[in-house]
Amino acid sequence: MVEKASYKILLVEDDFINGKIVKTLLEKANYSVEWVNNGKEALEVLIPNSEKYDLVIMDIQMPIINGYEVSVNLREIGIKIPIICMTANAYSDEYIKSKEAGMNDHISKPVTKTVLFEMLDKYL
Ligand SMILES: [Mg+2]
């Protein structure tokens, strides 16, 4: 089994509370986490250095550049890193749109520990 600390996750979330919750859950489980606050920062980090990260956990609704645009941009330039989005409402069309934007999967907010780690086990 690979040590979890060797997995580096980029967390992209503008909401402080949710970002803090997810980051804390991941770090308690020994994942290495870097947290940026919007889609623009995510692209700045990922475009030159995507190979440094194993997975992206990303909010959809964010200022400047939203989650859909980040994903479309990355996929257009051939970056295939797994992207899990965090959707605000399980019954909204965010999930369908996220698939269309090239994201791999989604979890609903509020994010629970069980669902989060199931998703990580699936993609890491
Ligand atoms: Mg948001």
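Start at 1 and go down the list; that is how both ligands and their atoms are numbered.
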Trainee: Could you walk me through whether Leu116 and Thr114 pass the side-chain contact (heavy atoms from CB on, under 4.5 Å) check?
Mentor: CA-CA 5 Å; Leu116 176 64; Thr114 309; over 6 Å; no

Trainee: Tell me which N, O or S atom from Asp14 is the closest to the Mg ion (ligand 1).
Mentor: OD1

Trainee: Specify whether an N/O/S atom of Asn18 falls short of 2.8 Å from the Mg ion (ligand 1).
Mentor: no

Trainee: For Asn104 and Tyr123, which I'm curious about, is there any donor-acceptor pair between the side chains at under 3.5 Å?
Mentor: no

Trainee: With distance as the sole test, does Asn66 use its side chain to make a donor-acceptor pair with the main-chain N or O of Met62 at under 3.5 Å?
Mentor: no

Trainee: If only atom types and distance count, is the side chain of Glu34 paired as donor or acceptor with the main-chain N or O of Ile9 below 3.5 Å?
Mentor: no

Trainee: Under 2.8 Å from the Mg ion (ligand 1), is there any N, O or S atom belonging to Asp59?
Mentor: yes

